[in-house]
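Remarks on the structure that follows.
Chain letters run A, B, ... following the sequence lines, proteins first and then strands; every chain starts at 1. What you are looking at is a predicted structure, and each value in this text was computed from that prediction instead of being measured.
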Amino acid sequence: MASSIDIRSIAKHFGGVPALDDVSLSITPGEFLTLLGPSGSGKTTLLMCIAGFVQPDAGSILVDGNEILTLPAHRRNLGMVFQSYALFPHMTVGENVAYPLKLRGVSRAERERRAREALGVVQMDGLKDRRINQLSGGQRQRVAFARAVVFEPAIILMDEPLSALDKRLREDMQIELKHLHQRLGRTIVYVTHDQKEALTMSDHVAVMERGRIMQVASPRDIYERPTSEFVARFIGDAAVLPIAVDGRDGITVPPRLLDGPRALPCPALVVRPEKVEILDGEASHPDVIGFDGEVREVIYQGDTILVFVKLPDGQSLSLRRGTRHTVLKSLPARGEKLRVGLRMEDACVIGVAG
Amino acid sequence: MSNAAIHVPHSHRAWLYVLVSIVFVFLLVPIFIVIPMSFSDSKYLEFPPEALTLQWYRTFFGSNEWLAAARNSLSVAAVATLISVPVGVGAAYALNEARGRLFVLLRFFLLLPQLIPVVLAAIGVFFLYIRLNLVNTFAGIVVAHSALCIPFVVITVGAGLKTFDKAQENAARTLGASRLRAFWDVTVPQIRLSIIAAVIFSFITSFDEVVIGLFVAGGSNTLLTRLMFLSLRDQLDPVIAAISSILIVISVLAIAVFVALQRPGREAAR
């Protein structure tokens, strides 16, 4: 039903510029994996290599252990949802969904039954005689998904399928696609540049930059345990504060925070705004890393309020709070001194370039 | 964007009306003056006609020489269209896919037959055909006309492909269609208007062509336009006006059919 994908040392250059640089990635059957990265990071190129529209210069891609790079795109049996949906405007909704079955020589009655079924899965069965130009963006999205799954491919590829929708619909569709994935159990490779989308939907997220995979991990680990400054800064807000070791400038942290399996030459502390606490006069706690600072700016953002704090050594971090009345009342004003803290469990240490 | 906001009084636009009228007069009158002339009972081309007759149409349909030339023109135009449209569609597709300086050059070469003065092309074709023994042959005329038609096909179909979302063809391929099948099932139905336009342009281009025909389409393969040109030189025979009128009606009908096809097609394409 679902297939595994093994990407091994894929490299691709476009006119001497590396688009993919020795990319390896294993995707287990039934997994929802998201390739996340800024534009130009190679995520779409990698997806196109799997789909068969880009031929890599080197490497191999195995599906259930079989090489697919030697197969043309139409023999790979992958369902794909495109950014523009790529529905066929000269066919009805039903004809669009039945098209892959027609190509496979499925009989007319069977074609109609299965197309109806696939449209039912995305709650579009009532609209099978509509023309594509009569559909809204969200409906097109659903039809494109139905068309990509109707022939029961073991793998579904999705190239920023929600980017054309407005924010509210996009968020609804994220949940809907996540449920469809759980229900259908197919392997999904999903490309997006929207980190929140990636965290919401995926089993694993592969963060890419400049043709390389920087980190592959569960959404929670990608956010809480980034392994590089790029990942820490690309996902969510983060202050990356160099730690004073070996005579280097930086903040001071309890030495046990640096006891890890590997010693980092230039360690830095990743501080997420929502994990920072305000310590009002409490005695220092052994599990809290404390900082003295001064409020530089307070920004009200509706659901949250953001406070920028300047540390004595010139670095800064921010803290975020929900806008409950009691919180707003107790927040310090600009220019005030305060002491903030980060619990050891919320601290993440990464290595940065010295 | 209401109309009232940009309304200009008619008096301010008088110059536009005058300009458009001049354009109409110079474009259309020469074409439609021919039709009354073809019904004139005078032995020479005359306008306005003093009395009306169908004699010149009878002469045309009764003359083996004229009918043979008309048949030649129709078959040359048909075969030239059958060659230039597939070749031109293929070329337009390739040029649309490809990037790079080589393809800019290639595109230029494909358009060249319509860029150079046709007399030069005709002289070149004539000397080449003498070497190849193709002068006054059906194949020779068809090849020369196809070369003239291909630029039109490349331009019209190329314009059609520009507005086509390439992702649709890729989508068809992921769904299991080979490249050719994807092109046929998905691309062709959506650029069909440009292809129909290319067919009409090609046919008319070949059918209307005079200059190359004068050089290399003689003998039993004489084309209608060549015969008209020669007879115009010898005597100002109203038969020519009759033939011209028939051609005008055919052309207008072809364009009318195209425009009629275009309306529902445009909506479906959106």
Would you say [Y] and [X] are linked by a side-chain donor-acceptor pair, where the criterion is simply a distance under 3.5 Å?
X       : Y       : answer
E209(B) : T225(B) : no
R131(A) : N96(A)  : no
T28(A)  : E31(A)  : yes
S84(B)  : S146(B) : no

>> Is Y99(A) close to chain B through its backbone or its side chain, or both, or neither, when contacts mean heavy atoms under 4.5 Å?
In response: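 Contact with chain B is through the side chain of Y99(A) alone.
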> Where does L101(A) contact chain B at under 4.5 Å (heavy atoms): side chain, backbone, both or neither?
Replying inline: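 It is neither, since no heavy atom gets under 4.5 Å.
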>> So for atom CZ, which belongs to F201(B), do other residues, nucleotides or ligands contribute more than 12 heavy atoms lying within a distance under 6.0 Å?
In response: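 Atom CZ in F201(B) is not packed in, count stays at 12 or less.
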> For chain A, which of V186(B), D185(B), N170(B) has the most heavy-atom pairs under 4.5 Å?
Replying inline: N170(B)
> Between S178(B), P189(B), A172(B), which has the largest tally of heavy atom pairs under 4.5 Å with chain A?
Replying inline: S178(B)
> Out of R147(A), M80(A), Q83(A), R76(A), which one racks up the most heavy-atom pairs below 4.5 Å with chain B?
Replying inline: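 Maximum pair count with chain B is reached by R147(A).
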> Which bit of D165(B) is near chain A, if near means a heavy-atom gap under 4.5 Å: side chain, backbone, both or neither?
Replying inline: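 Looking at D165(B), just its side chain touches chain A.
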